[in-house]
Amino acid sequence: MSAENDGLQADTPTQHDQHGHWPRATTVEDFRRNLAAVRERIAAACRRAGRDPAGVRLLPVSKTVDEARIRLAYDAGCRFLGENKLQEAARKWEAMSDLGDLKWSIIGHLQTNKAKLVARFAAEFQALDSLRVAEALDRRLQAEGRALDVFVQVNTSGEASKYGLHPDDVEDFLRQMPTFPALRVRGLMTLALFSAEAERVRQCFVLLRTLRDRLRQDAPAGIGLDELSMGMSGDYEIAIEEGATVVRVGQAIFGARSTPDAYYWPTADSGPAS
C-alpha cells in the first residue's frame with residue numbers, strides 16, 4: 001500500500017540523524033531489547049500502512065560485528081544475517097559452522113571471481129545486477145548441486161556511484177533470468193538516497209514498488225517478484241509504508257559502527273548505513 005494515499009509522508013521522518021548514536025549491544029539482553037524495539041517500529045509502520053507485520057522480514061546486518069557478539073545475537077534469536085563483504089561473511093560462516101541453523105545473506109556487490117564462494121555457503125544473494133554475475137553464479141551453483149534465492153538490485157536514487165540496474169533495464173534483465181535455472185529470483189532490492197529529506201528517500205521506495213508492480217504482470221515463468229528488499233536503520237519505516245517485505249537493519253540492532261559507511265556502500269559521499 002502506498003503511503004502517498006494515506007498522507008503519511010509528512011509524518012514519518014528518517015532516522016539518519018541517529019547515525020553514530022545507536023548504543024552498542026554487548027549482552028543477549030541488549031540484543032533482545034534492540035530487536036524488540038525494531039520489531040515494534042516495524043509493527044507500527046505496518047499499522048500506518050494497513051499491512052500485516054508478518055509480511056515484513058527483518059534481516060539483521062552484522063557487517064563489522066565480531067564473532068562473539070554475533071553469537072550473542074544468535075542467542076537472542078537471530079538466525080538469518082546479512083553481510084556486505086563476501087570474504088568477511090565467509091570467515092564468519094566458517095568460524096560459526098557449529099551453529100547449523102544460522103543462514104547468511106550476501107547483500108553487497110559481487111565480483112564474478114568471487115561467485116564460487118557465494119555458491120558454497122550463502123542462503124541468499126540480494127545484489128544481482130549484471131548478466132556476468134548471473135552466469136558465474138549459476139555455473140558455480142550447478143557445480144555445487146544447489147539453487148540460490150536472489151534479488152535483482154535496482155538503482156533508484158540515480159546516483160552514478162551506486163550499484164544496481166537502471167530501472168529502464170530491469171525488464172530486459174528479468175527476461176533473461178530463466179537462462180540461469182540455479183537462480184531463484186524472489187524480487188527486487190534497492191538502496192535509497194542517504195538523506196534526512198524523507199520525501200526524497202520515499203521516492204526511491206515508491207519507484208521500486210511501482211516498477212515491481214508493473215513488471216510482475218508479465219514476468220517470465222518462474223521469476224518471482226513478490227519481494228521488495230528496501231529500507232535500513234535510518235529509513236526502514238518509510239520503506240515498510242511503501243511496501244517493503246525485507247528490511248536490512250544493522251546499527252539499530254548491533255549499535256553504531258566505527259567503520260565508515262563508504263567502506264561498505266561505495267557512494268559519492270559517506271554512503272548509507274544499514
Side-chain angles (χ1 to χ4, degrees), residues 12-48 53-85 87-108 121-124 126 191-192 194 196 229-240 244-265 270-274:
T12 308
T14 71
Q15 297 181 60
H16 291 310
D17 59 351
Q18 293 295 314
H19 177 52
H21 299 289
W22 281 285
R24 179 182 174 90
T26 58
T27 67
V28 174
E29 186 53 40
D30 287 344
F31 279 107
R32 287 177 179 153
R33 182 173 56 251
N34 289 353
L35 286 163
V38 170
R39 289 183 177 125
E40 175 49 38
R41 297 184 83 115
I42 288 172
C46 285
R47 287 193 295 271
R48 291 193 296 272
V56 178
R57 171 163 62 102
L58 172 59
L59 178 62
V61 177
S62 53
K63 62 191 183 191
T64 77
V65 179
D66 59 65
E67 177 189 342
R69 293 178 65 225
I70 290 177
R71 287 181 179 272
L72 294 175
Y74 177 90
D75 289 340
C78 293
R79 294 294 183 273
F80 211 142
L81 297 174
E83 288 279 342
N84 287 76
K85 295 288 187 181
Q87 288 174 305
E88 179 181 342
R91 288 195 301 270
K92 293 173 179 178
W93 165 65
E94 291 178 348
M96 289 177 275
S97 59
D98 57 303
L99 305 179
D101 59 344
L102 181 58
K103 297 179 181 179
W104 300 91
S105 176
I106 304 303
I107 60 178
F121 78 92
E124 181 177 82
Q126 289 206 15
L191 298 169
F194 185 67
S229 176
M230 55 189 196
M232 299 184 290
S233 287
D235 55 26
Y236 66 90
E237 293 163 278
I238 299 173
I240 289 168
T245 65
V246 181
V247 291
R248 310 178 305 271
V249 179
Q251 294 186 95
I253 294 172
F254 291 92
R257 288 187 300 270
S258 58
T259 306
D261 294 318
Y263 179 72
Y264 284 89
W265 299 109
S270 61
S274 61

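Residue numbers start at 1 and run along the sequence shown. The figures that follow rest on heavy atoms only: side chains count, while hydrogens, waters and symmetry mates do not.
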- For side chain to side chain contact (heavy atoms under 4.5 Å, CB included), just list the numbers for Leu81 and Val65, CA-CA rounded to whole Å, side-chain angles, deciding distance to a tenth of an Å, and then say yes or no. CA-CA 11 Å; Leu81 297 174; Val65 179; over 6 Å; no
For the side chain of [X] and the backbone of [Y], is there at least one donor-acceptor N/O pair under 3.5 Å apart?
X: Asp235; Y: Met232; result: yes
X: Asp75; Y: Leu72; result: no
X: Ser233; Y: Ala252; result: yes
X: Asp66; Y: Arg69; result: yes
X: Arg248; Y: Ser229; result: yes

With heavy-atom distances below 4.5 Å as the criterion, would you say the side chains of [X] and [Y] are in contact?
X: Thr64; Y: Lys85; result: no
X: Glu67; Y: Ile70; result: no
X: Ile107; Y: Leu59; result: yes
X: Met96; Y: Trp104; result: yes
X: Tyr236; Y: Val56; result: no
X: Cys78; Y: Leu35; result: yes

- Task: Using side-chain hydrogen bond (donor to acceptor under 3.5 Å, both in side chains) as the criterion, point out the one residue from Lys92, Arg91, Lys63 that pairs with Glu83.
- Result: Lys92
- Message: Around atom CD of Gln87, are there more than 12 heavy atoms from other residues, nucleotides or ligands closer than 6.0 Å?
- Response: no
- Message: Does this structure show an ion pair linking Arg71 with Asp98, if we count only N-O contacts that are shorter than 4.0 Å?
- Response: yes
Minimum-distance pair of heavy atoms, taken over all atoms of [X] and [Y]:
X: Cys46; Y: Pro53; result: SG-CA, 3.6 Å
X: Asn34; Y: Pro23; result: ND2-O, 4.2 Å
X: Gln251; Y: Ala256; result: OE1-CA, 3.2 Å
X: Ile106; Y: Ala89; result: CD1-CB, 3.7 Å
X: Ile253; Y: Val249; result: CD1-O, 3.5 Å
X: Ala244; Y: Met230; result: CB-O, 3.4 Å

- Taking atom CD1 of Ile240 and atom CZ of Arg47, what is their separation to the nearest 0.5 Å? 11.0 Å
- Message: Does the plane of the ring in Phe121 sit parallel, tilted or perpendicular to the ring in Trp93? Use 30° and 60° as the thresholds.
- Response: parallel
- Cation-pi, Phe254 ring and Arg24 (6.0 angstrom, 45 degrees): no
